[in-house]
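The chains referred to below are lettered A, B, ... by the order of the sequence lines, with proteins before strands, and numbering in each begins at 1. Bear in mind the structure is a predicted one, so any value in this text is a computation, not a measurement.
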Amino acid sequence: MWTAGSVCVAYLGKRWHQGRGQAGGGSVMLWAMFCWESLGPGIHVDDFRYHSTPSEVLWSLCLNGQCCCYCCCELQVGQGEFSQVHNLLPDVSDAVRFHSCSHHWILSDSMQNLRHAATEAFQRLGLKQRHMGYQELGELDGVETPQPQWFHTLQVRRLRAQRGRSNSDPLGGKNFQPEFQWNTGLQFGTANSYLNLEKLGEGAYATVYKGISRINGHLVALKVIRMKTEEGVPFTAIREASLLKGLKHANIVLLHDIIHTRESLTFVFEYVQTDLAQYMIQHPGGLHPWNVRIFMFQLLRGLSYIHSRRILHRDLKPQNLLISYLGELKLADFGLARSKSIPCQTYSAEVVTLWYRPPDVLLGSTDYSTALDIWGAGCIFIEMLQGVPAFPGVADVFEQLVKIWRVLGVPTEESWPGVSELPNYKAEWFLHCKPQQFRDVWKRFAQLPYKTEDLAQQMLTMIPKERISAQDALHHPYFNTLPLPVMQLRDTVSVFKVPGVRLETEVNDIFSPNRRMKSFLMPQGKCW
Amino acid sequence: MEFAQQSRSVVPAVEHYEEEAVLNHLHGLQLAPALRDLVPELVRREIEVAMSKLGLLYDRTYTWDIFSDMMRSQQHLALSSSELPKPFTETTRAILVDWLIQVHEAFNFSEETLYLAVHLLNRVLRQIKISISSLQLLGVVCLFLAAKKEECLLPEVSELCYLMANTYSKKQLLRMERRVLCTLKFDLSHTPPIHFLLLSAYIARCGEKVICMARYLLELSLLETKCVCFFPVQLAAAALRLARHLIQEPNTPESEAAWCIASTVYLGSEATLFTIMHIMAAAAARAHNQETRATFIKFSTKETLYVSLHPALKSAPRLLSRYT
């Protein structure tokens, strides 16, 4: 079944006939876009991202003359503004048929041939050397392509007519090298290599835009940092960039590039479709327990990775957990993160959003440790299962603490040695709340096996030293039902590469499929 | 194949083959936790205790990961040669670093900041072409960036300009900051040698005076151009070892055993260690009548136990040749 498999989309940018058709310095851009359906689960879009330019991919496909290749040419009139000019079509085999749905193509039996052809072409171009050969791909045949839950919202124009070859057709000429110099003039690190498409969100010290790279056509998230001209680059930006530079992990958002000009500083991140907060809004009433397990595993995997590098995230919340259409979860927004060094500087107390803040920090402790992030992860765990935040304090620190005491009980010097010495501790808080079973507070736990509750309880332990570490949590029996290889993945490999790991359809999707359609056509929240 | 595949770091340097073997070993340890058992239990426990006591950790669970990460990351950042680009000599560099040490002290920054600043300077000098007239500006920008990474309280740009006798405008400083960041591609990561020094010293149960002496020697090595191509852990080990030679603490079987464990926190050959020790000993012997004596003065106060005035320092090179 090839319906709606992993659609690999690549955009090709070409500075085309420079100097012609230019008005006011804007250059004519040729955006060739081609999509092909399911070259096989083994060929992933990542294979192209790092090891070849899209033009190489395109050529490899065109040389075969039988792939489903679909291009559109767009004229850039002004900054960020496009108007469609042409549809161009290379030789497309008759065997390829388009399905009526604008996002999904169903390809015919020639799929197998296509995969052969593509792989061979890659090998000819020497692009596939570092990847699996076709034989190895074959072994993965039994693997079902993960079902994308939604796609990004780029418009894909359907082909209308087959055009004759012209000089402007990048695919028409047999000898493609002389006339067309693919976008080699554009460099990483320069501002005009990226186009802003739309604003995604605004943060305390930055604005995030959706953008597109003119170098390789990937969608990107552009985090534009306001520069305080007086004091140079903000230190938060320096810390975030230098931390992220050292982090290469499937569950950490990838920093592609940094553009630094006099007026602004822009971080170019991989584009991730949505975030956990949006995802939970789309699927109210709690997520599918299996999906919660996959998300939690990825969250803990990311945390374990940064904690083993002496980095605390310090600002965990659903808005900062990005979710790709496959369900890959990525930690983002390291603006408050810090790596540890010997002089124990006291960080400001205002670090974690109140709802996800652990009781020790609420009580004024500044002795932060990895337990800080674990509490946040525990709160998110419950929020995913239950569909509502675990401790939604409204007013202030005190109310937040009361919410926690109601579940965990008021701490005493016996149950938590040293608690009375914390700055915000007040003895009159003896409202006498008894610790409760999680399953009595959050009903979803009663419907699930005990180990779910056990993990949540270990993550939401009052005393920070006794909270489970991310690494130990990954080995908790709760994750035993995941396929075993997920435990031995390399850092940069996503859990979705493991056969058998895929998202289940959320319950709410089954009952209202229309909503799902709409929700993925709408631009999603902030992404970087 | 797909999973648990050992990703090897590319190592260009040939003479570092020993280090490479050790690093690959460490790398393997990180990937296969069972291999950790190869490291003696005692060493592991000592490192764990020392790191958590020094506050280098948040959580004991990750001690070994963090330690191997500290050891491994040095390699990516190591400079291949100690040669300076054309217009600069060892003297100009020493004068600049000496001045930076003074500025650093004036701002009351932490030691990490200084080591990071000089490390950035070493890297940038190799990568960009600047005239000798803007060398001071470059130095200040490196310190400024290091402070932005490490410190809570930052100096103002105007203050820094004032310190440079207003030779450069604020605009020039910010432009240089941009240039340096672009050159370094925003990668300001560095494991300061002081961390390794304190770690080894803690494990070896060194006395306060030995630690202070080692810190002095380590800081002196910042001025030595020859030292820039050594790993932080090598510099730290050499400083501590030389300090122990200079200040003879009473030997007990326990301290010997502790020293044995501490000296395992090292990468590379004995020969490298002795090379560095000789450089440091020579630097320490002539520190008192050098033009660049900020470090000498800094370590001649009561708080620093007058280590730079220690009589053994003058005869340090001779003392060392007796040992080797």
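For A/Ala470, the parts sitting under 4.5 Å from any heavy atom of chain B are the backbone and the side chain alike. Heavy atoms closer than 4.5 Å to chain B are found nowhere in A/Thr492, neither backbone nor side chain. Heavy-atom distances place the side chain of A/Leu265, and not its backbone, under 4.5 Å from chain B. Using a 4.5 Å cut-off between heavy atoms, B/Lys171 does not touch chain A at all. With a threshold of 4.5 angstrom between heavy atoms, B/Pro155 approaches chain A through N, CA, C or O but not through any side-chain atom. Using a 4.5 Å cut-off between heavy atoms, B/Leu181 touches chain A through its side chain atoms alone.
Minimum interatomic distance between A/Asp373 and A/Leu316 (heavy atoms only, all atoms of both residues): O-CD1, 3.2 Å.
The pair A/Asp333-A/Lys223 meets the salt-bridge criterion, with a side-chain N (NZ, NE, NH1 or NH2) lying under 4.0 Å from an Asp/Glu carboxylate O.
In terms of heavy-atom pairs under 4.5 Å with chain A, the best-connected choice from B/Val157, B/Leu160, B/Leu145 is B/Val157. Heavy-atom pairs under 4.5 Å with chain A peak, among B/Asp187, B/Asp69, B/Leu174, B/Ile66, at B/Ile66.
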Inset, instruction - Kindly indicate, with the supporting measurements, whether the criterion side chain to side chain contact (heavy atoms under 4.5 Å, CB included) is fulfilled by B/Ile130 and B/Ser134. - result: CA-CA 7 Å; B/Ile130 58 158; B/Ser134 49; 3.8 Å; yes
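The closest side-chain heavy-atom distance from A/Gln298 to A/Phe496 is below 4.5 Å. In this structure, A/Met462 and A/Arg467 have side chains that are not in contact, with every pair of non-hydrogen atoms separated by 4.5 Å or more.
For the pair A/Arg309 and A/Tyr305, the cation sits on the ring face: its NZ or CZ lies under 6.0 Å from the ring centre, inside 45° of the axis.
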